[in-house]
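Have a look at the structure below before the remarks.
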There are 4 protein chains.
Amino acid sequence: MEDIEIDEVATPELTDPVLIEGLPGVGHVGKLAAEHLLEEFDGELVRRVYATEFPPQVNVDDEGVAALTCAEFHAVETDGADLLVLTGDHQAGSNAGHYKLTSTFLDIAESFGAERAFALGGVPTGELVEEYTVLGAVSDGDLTDDLEDAGVEFRADEPAGGIVGVSGLVLGLGGRRGLDAACLMGETSGYLVDPKSARAVLEVLEAVLDLSVDYESLEDRAEEMEEVVGKIREMQEGPAVPDDDLRYIG
Amino acid sequence: MEDIEIDEVATPELTDPVLIEGLPGVGHVGKLAAEHLLEEFDGELVRRVYATEFPPQVNVDDEGVAALTCAEFHAVETDGADLLVLTGDHQAGSNAGHYKLTSTFLDIAESFGAERAFALGGVPTGELVEEYTVLGAVSDGDLTDDLEDAGVEFRADEPAGGIVGVSGLVLGLGGRRGLDAACLMGETSGYLVDPKSARAVLEVLEAVLDLSVDYESLEDRAEEMEEVVGKIREMQEGPAVPDDDLRYIG
Amino acid sequence: MEDIEIDEVATPELTDPVLIEGLPGVGHVGKLAAEHLLEEFDGELVRRVYATEFPPQVNVDDEGVAALTCAEFHAVETDGADLLVLTGDHQAGSNAGHYKLTSTFLDIAESFGAERAFALGGVPTGELVEEYTVLGAVSDGDLTDDLEDAGVEFRADEPAGGIVGVSGLVLGLGGRRGLDAACLMGETSGYLVDPKSARAVLEVLEAVLDLSVDYESLEDRAEEMEEVVGKIREMQEGPAVPDDDLRYIG
Amino acid sequence: MEDIEIDEVATPELTDPVLIEGLPGVGHVGKLAAEHLLEEFDGELVRRVYATEFPPQVNVDDEGVAALTCAEFHAVETDGADLLVLTGDHQAGSNAGHYKLTSTFLDIAESFGAERAFALGGVPTGELVEEYTVLGAVSDGDLTDDLEDAGVEFRADEPAGGIVGVSGLVLGLGGRRGLDAACLMGETSGYLVDPKSARAVLEVLEAVLDLSVDYESLEDRAEEMEEVVGKIREMQEGPAVPDDDLRYIG
C-alpha cells in the first residue's frame, strides 16, 4: 500500500465548489456540522482517501461488513453554493502525517476547482456554554468583513494556542497556495459532543454561503445531550440515580 | 537490513489455501488458536518475515540459541482445507508499519494462491465469560450466511471501536484486493490468556473449513487457566493463600 | 509539501554575519534574548523555514489572520557585528527532525556567509537564581578565552546531561562543518520565563560582539515576572489571595 | 546530514579482530565492561558513527568543548585476541533505528575482518546480587560449549523477555550474516550501575579470548558502589543520615 491512496469514486462537475472540512476535534463540532450537511442535502461520495497515517483499523457496519478507515469527500449541491464536504473518523497520527494528509486534501479540493475553504471546529471554553459564539480565523485579512457580518467574532490572540490539526493546516497550507480559507470555531465546553455549537457554526455558513439548513435532526441530538448534561448535573448535585448510559464520546 | 525481509524457507504446492492469521492480541485468542492448529496438524515452515517495525529483539530457545524476532507462515495440510497459518510474537510498532506488514502478509498469501482469509482474535467483554460466543466481521456481505450457520454472531456496530491491528487490516486491505476475508473474534474477559475462547473460534473454523480438530492440549491449558481464575477469585473473596505464580500474560 | 520548505523573503548583503539562535527552551531564555535583539535593532525578515517536523499548527494574529508555524531568520545590522537571528515557536518533533532542521538552519546561515554562531539558551538550576551566571560550551577550544573574558563560566562536565535540541546541534553539527560555534546558557530556575537570565546572556553578546543593547523593555518583562514570583511566594507562605493570572509559560 | 555518518579516523590492520559491543543498558554492565577494556589496553579510535537516531545532543568535556553524540569503535591490541570495541552513550530511538544502526555496526566490524562478536550486557534480577553469574545466548549452538567451559550459564527460556536493543540484534542480525555472536549477560539488580557484574562478564572474556585484565580501577568503582548500597540500606533501615549524593544512574 502507498502512504496515501485515493479512490476516485465519482467526478461530477461542480460550480465553484467550497471545501468544508469537518474532521474530529474539540466537541466533535466540525464533524457534527459537516455530517449534518451531508444528511440534509443529498451528497454524492466522490473520493475516499486511505492513509497509512490513519490507525490500522476497520469499522464494522450493521451488516458486519468491515471497511478500512478513510476520509471521504462528498459533493453536495445546495440551494446556495456547491460544497465539497470532507469528513472522516481520524486525524493523522504524526506531525508530518498531518502535513501530508492536508496537502492531499487540498490537492483534491483544487482538482474540483475549489478556491474557498471553511474548516469547521470547536474551541474549548472549559465550562458549559450558554451563548454559542463562533470565533474565526482567516488565511487573508480581506475575508474577515463578510464573516463579521455573519456574526463571527475575531478576538486578538484567540485561540491562544493557535489552531492545530487539519483545520489549522487548511488555513496554513491553504493560505500558502492562495486558497481563501477560514476557520469557524464554535465555542463549546470541550467535555461533550456539542450539537448546539455545531448549529452555531452552520448558521454562519448559511449566512455566508446563502444556504438554508434544517436543524431538526441536530436539535434532536442537542436534546439528547441536554438530557446527558442534566443527568451529570444531578449526579454532581444530588440523590437522583441515572438510568441511562452517560458515556457519549468514544 | 531492508525494512522487511522475507526468508523463503519452502514453497510447497497448496490447494486453494486459506490464510489463517493469529498474531498476539486480546486474550491471545488468535495466537492460541493458530498455534493449536500448528500443533495438531503437522505444519511446514514456509516463510519467515523480518521487519524493522518489530522490536529490536531476539528470543532465546532452550539451548541458548537466539533467533531474530519474526512472523512465520506455516503450510498446514488438514483433513479439510489446506491452510497457510500466520503466527508471531509481535504486531507492528506504528500505524504505517501495520499497513506495510499486513500488505506483505497478504502478498505472501496471494503468492501461495490464497483467496480466502480468517483473522482470528478476541473481543474483550470486561467480565469473566460463561458462554463463548464468537463475533464476526467480513470483507463482503456474501460471507455472513455461512458463518452464521457455523454459529458466528453478527451484531450491529460491534465491536464498538472497530477492529484494529493486523486482523483489522486483513479485512480492510484484504477486502480492497478482492480477498474473501472474515474476522472471528472470541468473546473473552480481556484480562487473561483464554484457551476456551480460542477453542470457540477454532470450532467455527472446523465447521466452515470442514476440519476436525482435537482439543486435548488446549483443554489442558484451559484447565491451568481455570485454576488461575479460581485462585484469583479466592484472593478477592477470602483467606486462602495462593501457592503459585498467578502472573500469566507476559 | 516538502519535509522542509524555505521562503526566500530577502537576501541582503551582510558583512561577516553572526548566527544567533534563540528557539524555545529552558526558561525561554534563548527565545527572549533573540527576540529582544529583533526589537532593539530593526531586523529585516530574510527567510521563513516551514517543516513537517513542526506541529501542524497556525498562529492567529490580532487581526484574526492565521500563519503557518515556521522558524524565521532576520538580518540585523547593529552598531557592532551584523547578525542573522533565528527565532521561532517550536523545536523539531523527533530526533531525526532535529538533525534535519538544524542542518537546514546551518545551510541558510552559511549561504549568508556566517562563520560564527551563538546558540542562546538557559540552564536550569532548580531554584530561584540570585546571580545570573552564564555557562558556556564551544565547538572549538580556541573560543573559550574570549568568552571567559566576557564573564562566561566553563565548568567541567556542565551541563551534566549535555546540551540538547537545536542549540546542541548548532555546536555539534556546526563544529563538524568548521563553524565557530558557542552556546551561551543563562542560569535560570527552569520554572518560569526568565527575562533576567536573557539579559545576562545578551550582556555577554554585547561584550563579545561589541554591541550596545538597551534593556528597558526587557526590564519591564523582568518586573512583571518579579510580581509573578512575589505572588507565588505569597501563595506558598500565606493568606494573600492572588488577583491575577499566574500561568505564564504556555 | 545523512541518517548515518561514519568518520573513518584510522584503519589499522587487525588480526581476526573480535567485536565487543558495550552500549548502555541494564546496570550499565556492558558499557562499564567495554570501557574498562579501553582503559586497561591502549585502544586506538578508528571509527565514529553519528546517527540522526541518536538524541540531538552534544556532550561537553572538561574544557567546555562540545562533541556531537556518537558511537565509537576502538581497535584494541591485547595479550590475547585483537579487539574492536564498540562504545557510546546511546541506543537508537526507534525500532527501525535499532536495526539500521546495528547493521551499520556490523558492516564496520566486517570491514575490519571480524568474524566473532560478543555483546556485553546485564540481566536484571530485581534484588541485590551476591554471586555474579553470567548468562549466555548465542547465534549458533556450536558456540555454547566453550562458553560453558568459561563458566557461562545457559538457562532454558532465559532471559524471559528475550534480549532487546543493539545487543539482541548483534546476535540476531549478526547470526543471519554468519557472524559467530554471543551475548554475555551479567546478573545485576537492575537498580544500580554494577561494576562487579561488569567484572564477572570480563572474566568470561578473559577465559574465552585468552586475555589478562587488571581489575583495580573497576574494583575502585565497585567499592564506591558498595558505599552507595550501604547508604541505601541504612536509609531503608534506620536513622543514619546520608551525607552524599546517592543518585548515580543519570
Side-chain angles (χ1 to χ4, degrees), chain A residues 23 25 53 91-107 117 119 123 134-145 147-148 152-177 179-185, chain C residues 1-9 23-24 28 31 35 45 47-72 87-104 165-166 193 224 244-250:
Chain A
L23 293 174
E53 270 292 324
Q91 300 253 348
S94 71
N95 285 0
H98 271 96
Y99 284 87
K100 277 186 222 157
L101 261 183
T102 309
S103 293
T104 300
F105 293 155
L106 295 175
D107 288 346
V123 60
V134 175
L135 294 187
V138 291
S139 63
D140 189 305
D142 293 346
L143 302 169
T144 50
D145 284 357
L147 292 171
E148 281 180 332
V152 176
E153 286 193 17
F154 289 86
R155 295 187 196 144
D157 295 316
E158 282 204 32
I163 305 169
V164 295
V166 172
S167 288
L169 293 186
V170 165
L171 264 75
L173 292 175
R176 274 171 58 77
R177 293 174 177 222
L179 191 74
D180 283 345
C183 188
L184 303 177
M185 294 160 279
Chain C
M1 175 167 172
E2 301 298 306
D3 286 349
I4 291 179
E5 289 188 3
I6 302 169
D7 278 7
E8 305 199 350
V9 182
L23 293 172
H28 280 210
K31 184 172 158 70
E35 288 178 348
L45 178 65
R47 293 287 185 280
R48 284 195 202 92
V49 180
Y50 300 93
T52 62
E53 272 291 324
F54 286 138
Q57 183 174 338
V58 291
N59 301 312
V60 182
D61 70 12
D62 288 1
E63 312 296 312
V65 179
L68 187 56
T69 202
C70 66
E72 294 182 339
T87 56
D89 288 330
H90 300 284
Q91 300 254 346
S94 72
N95 285 359
H98 272 96
Y99 284 87
K100 276 185 222 157
L101 260 183
T102 310
S103 294
T104 300
V166 171
V193 167
E224 280 174 41
D244 203 338
D245 188 356
L246 297 182
R247 289 167 304 180
Y248 205 82
I249 298 185

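A, B, ... follow the sequence lines: proteins, then strands. Residue 1 opens every chain.
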How close do A/Gly172 and C/Leu68 get, heavy atom to heavy atom, and via which atoms?
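Smallest heavy-atom distance, with atoms named: CA-CB, 4.0 Å.
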
Counting heavy-atom pairs under 4.5 Å to chain C, which of [options] comes out on top?
options                              : value
A/Gly175, A/Ala96, A/Gly97           : A/Ala96
A/Ala137, A/Ser94, A/Gly136, A/Ala92 : A/Ala137
A/Gly141, A/Gly165, A/Ala181         : A/Gly165
A/Leu173, A/Val164, A/Val138         : A/Val138

Pairwise distance [atom1]([X]) to [atom2]([Y]) - rounded to 0.5 angstrom:
X        : Y        : atom1 : atom2 : result
A/Arg176 : C/Glu5   : CZ    : CD    : 5.0 Å
A/Ser103 : C/Glu2   : OG    : CD    : 9.5 Å
C/Asp62  : A/Arg155 : CG    : CZ    : 14.0 Å
C/Thr69  : A/Leu169 : OG1   : CG    : 10.0 Å

Residue part contacting chain A, namely of C/Ala66, when any heavy atom lies under 4.5 Å:
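Both backbone and side chain.
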
Side chain / backbone / both / neither for C/Tyr50 at chain A, heavy atoms under 4.5 Å
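Only the side chain of C/Tyr50 comes within 4.5 Å of chain A.
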
Do the non-hydrogen side-chain atoms of C/Val65 and A/Asp140 ever get within less than 4.5 Å of each other?
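A side-chain contact is absent here, since even the closest heavy-atom pair is not under 4.5 Å.
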
Side chain of A/Tyr99, backbone of C/Pro55: donor and acceptor closer than 3.5 Å?
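It does hold such a pair.
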
Look at the side chain of A/Asn95 and the backbone N and O of C/Glu53, then say whether any donor-acceptor pair between them is shorter than 3.5 Å.
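Yes: the side chain of A/Asn95 pairs with the backbone of C/Glu53.
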
For the candidates C/Asp61, C/Asp7, C/Asp89, which exhibits the highest count of non-hydrogen atom pairs separated by less than 4.5 Å from chain A?
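Most heavy-atom pairs under 4.5 Å with chain A: C/Asp7.
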
Heavy-atom cut-off 4.5 Å, strictly under: side chain, backbone, both or neither for A/Ser139 against chain C?
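A/Ser139 touches chain C through backbone heavy atoms alone.
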
Please look at A/Glu158 and chain C and tell me whether the side chain, the backbone, both or neither of the residue comes under 4.5 angstrom of a heavy atom of that chain.
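For A/Glu158, backbone heavy atoms alone lie under 4.5 Å from chain C.
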
